[in-house]
Amino acid sequence: MQNMEVNVLDVQQIIFQFIGGIGIFLFGLKYMGDGLQRAAGDNLRSILNTFTSTPLRAVLAGATVTALIQSSTGTTVLTVGLVSAGFMTLTQAIGVIMGANIGTTITAFIIGLNISDYALPIIGVGALFLFFFKNQLIASIGQIIFGFGALFYGLDLMGNGLEPLQNLQIFSDLMIRLSDSPFLGIISGSVMTFILQSSSATTGILQQLFAQGAMSIEAALPILFGTNIGTTFTSVLAAMGASLAAKRTAVAHVIFNVLGTILAMILFAPFTRVLSMLTSTFSLNPELEIAFAHGVFNLLSVSVLIWFTPQLAKLVSRIVPGEEDTIEMYEPNLDYSLIQRSPAFALDQAKHEIVQLGQFVLEEYNTMFGYYLNQDKKSYDHVLKIEDVVDRIDIQITEYLMYISVEDLPVRSSNEHAQMGE
């Protein structure tokens, strides 16, 4: 009876430490990403708007932005919003998505540094910067440091919580089953990533399990590959109800990540051998071994599929056929998920819609002048339709700018917001 109580307490401790650890890890990851984004300011917008002229530059832009905001899902959602707003073409967006997959591996390498022993002092230093300096840049640096420390503290709690799992027979049986069924591992990685809304979190859990010896590399790799598929669910949700171009971007994200996973599974045996060689050559710890696996997997996918970017764009256009909506059916491309993720990007969307609003007003004026001269019913009906569109856009832009107003914006963006709201 007493042993049963001890076992119950052990299971409770595993669950509590794991849930608490992953909560602190996700908070640290997001808080660090927000600090990096705030410190970067308008540079994120410039990177995606300027450096996407070729597929390779788009890949580099996607990798850079993802490394800065610490979220491939966030970069992909931003990209869907930018395509929807007309700032980016489908071909450019595919390159950014490829780069986002590479950029997200940075988090795994950070975890591989394994400096959990210094997590609490790092949090303390971050807190000093946050609470004793009023300068925005220094406060943003403090936020980055605090989030960095919280990330490792959460990892430490997760690792301590997961350590007893290697002694549980039911967990050992599950790992053997995952090793024997790679497809089940891919599904598991996809589902975990969708639930946690972070491929970095799933990868972090894998690194801790592998470091504890609770999982073989054969079981870990399919789950790792599945995380890329799991990240596509959010972009699909973000594209629902958006423009045709945004839907095509989301489909391109799904196709690219699925093809990358298929490619890695076809080359599973040589991939494992290369990973083993890297591990022995560089004396990698278990966390870094998973990080290298993640990095090599995404680099392999991009290096092969980047040559087929135009063909992928054509395939997506066939899968999601159709023409853009006419003026009567026009809906503003205002992605509300961007407001908290990146207010500067959201402001860009509003700016684009204000320009579009001006074009509609000009067309309305010209059509109305034509009706004044000719008195034809066709021009009259067209003026009424444009007026409905103009009214609808005006209301939605005003509401969108109100939501943006409560977010922290760089000084330049704040000035733009004030001018747009006048």
What I'd like to find out is whether the side chain of [X] reaches to under 4.5 Å of the side chain of [Y], using heavy atoms alone.
X      : Y      : result
Phe256 : Leu305 : yes
Arg57  : Thr54  : yes
Leu288 : Asn285 : yes
Met98  : Thr309 : yes
Leu259 : Leu263 : no
Ile186 : Thr261 : yes
Ile217 : Ile290 : yes
Asp391 : Glu387 : yes

Atom of [X], atom of [Y] and distance for their closest heavy-atom approach:
X      : Y      : value
Thr249 : Ala93  : CG2-CB, 3.8 Å
Gly21  : Leu157 : CA-CB, 3.7 Å
Leu206 : Ala220 : CD1-O, 3.7 Å
Gly149 : Ala119 : O-CB, 3.6 Å
Asn101 : His253 : OD1-NE2, 4.4 Å
Ile106 : Ala67  : CG1-CB, 4.1 Å

Spatial distance of atom [atom1] ([X]) from atom [atom2] ([Y]) [nearest 0.5 Å]:
X      : Y      : atom1 : atom2 : result
Ile262 : Leu267 : CD1   : CG    : 12.0 Å
Leu56  : Ile306 : CG    : CD1   : 5.5 Å
Phe152 : Leu120 : CZ    : CG    : 13.0 Å
Ile138 : Leu128 : CD1   : CG    : 12.5 Å
His352 : Ile397 : NE2   : CD1   : 10.0 Å
Met368 : Leu384 : CE    : CG    : 11.0 Å

Under a 3.5 Å distance rule, please check whether [X] uses its side chain to pair with a backbone N or O of [Y] as donor and acceptor.
X      : Y      : answer
Thr367 : Glu363 : yes
Thr232 : Ile229 : yes
Asn257 : Thr231 : no
Gln207 : Glu287 : yes
Thr66  : Thr104 : no

Q: Can you label the angle between the Phe225 ring and the Phe297 ring as parallel, tilted or perpendicular, going by 30° and 60°?
A: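 The rings of Phe225 and Phe297 sit tilted, inter-plane angle from 30° to 60°.
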Q.
Run Met215 and Ile223 through side-chain contact (heavy atoms from CB on, under 4.5 Å) and show every step you take.
A. CA-CA 11 Å; Met215 176 181 284; Ile223 298 175; 3.9 Å; yes
(Q) Any donor-acceptor pair under 3.5 Å linking the side-chain atoms of Thr193 with those of Thr202? (A) yes
Only pairs under 3.5 Å count here: list side-chain donor-acceptor contacts from residues 310-320, not counting sequence neighbours, and write none if there are none.
residue : atom : partner : partner atom : Å
Ser317  : OG   : Ala313  : O            : 3.0

Q. Going through the distances and angles, do Leu224 and Leu221 end up as a side-chain contact (heavy atoms from CB on, under 4.5 Å)?
A. CA-CA 5 Å; Leu224 186 68; Leu221 288 180; 4.3 Å; yes
Around [X], counting heavy atoms of other residues, nucleotides and ligands shown, do more than 12 lie under 6.0 Å from its [atom1]?
X      : atom1 : result
Phe183 : CZ    : no
Phe109 : CZ    : yes
Phe194 : CZ    : no

Q: Sequence neighbours left out, what pairs pass side chain to side chain donor-acceptor pair (under 3.5 Å) with at least one residue falling in residues 290-305?
A: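 The answer is Asn228-Asn298, His294-Asn298.
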Q: Go through Met158 and Ile205 one step at a time and tell me if the side-chain contact (heavy atoms from CB on, under 4.5 Å) criterion holds.
A: CA-CA 7 Å; Met158 259 201 297; Ile205 294 170; 3.6 Å; yes
Could you work out, with ring-ring contact (aromatic ring centres under 6.0 Å, His included) as the rule, every residue matching [X], not counting sequence neighbours?
X      : result
Phe210 : none
Tyr118 : none
Phe18  : none

Q: Using the side-chain contact (heavy atoms from CB on, under 4.5 Å) rule, take Ile395 and Thr398 through it: C-alpha gap first, then chi angles, then the decisive distance, then the call.
A: CA-CA 5 Å; Ile395 292 170; Thr398 302; 5.9 Å; no
Considering only distance and modelled atom types, tabulate donor-acceptor pairs under 3.5 Å from the side chains of residues 22-32, sequence neighbours left out.
residue : atom : partner : partner atom : Å
Lys30   : NZ   : Asp34   : OD2          : 2.9

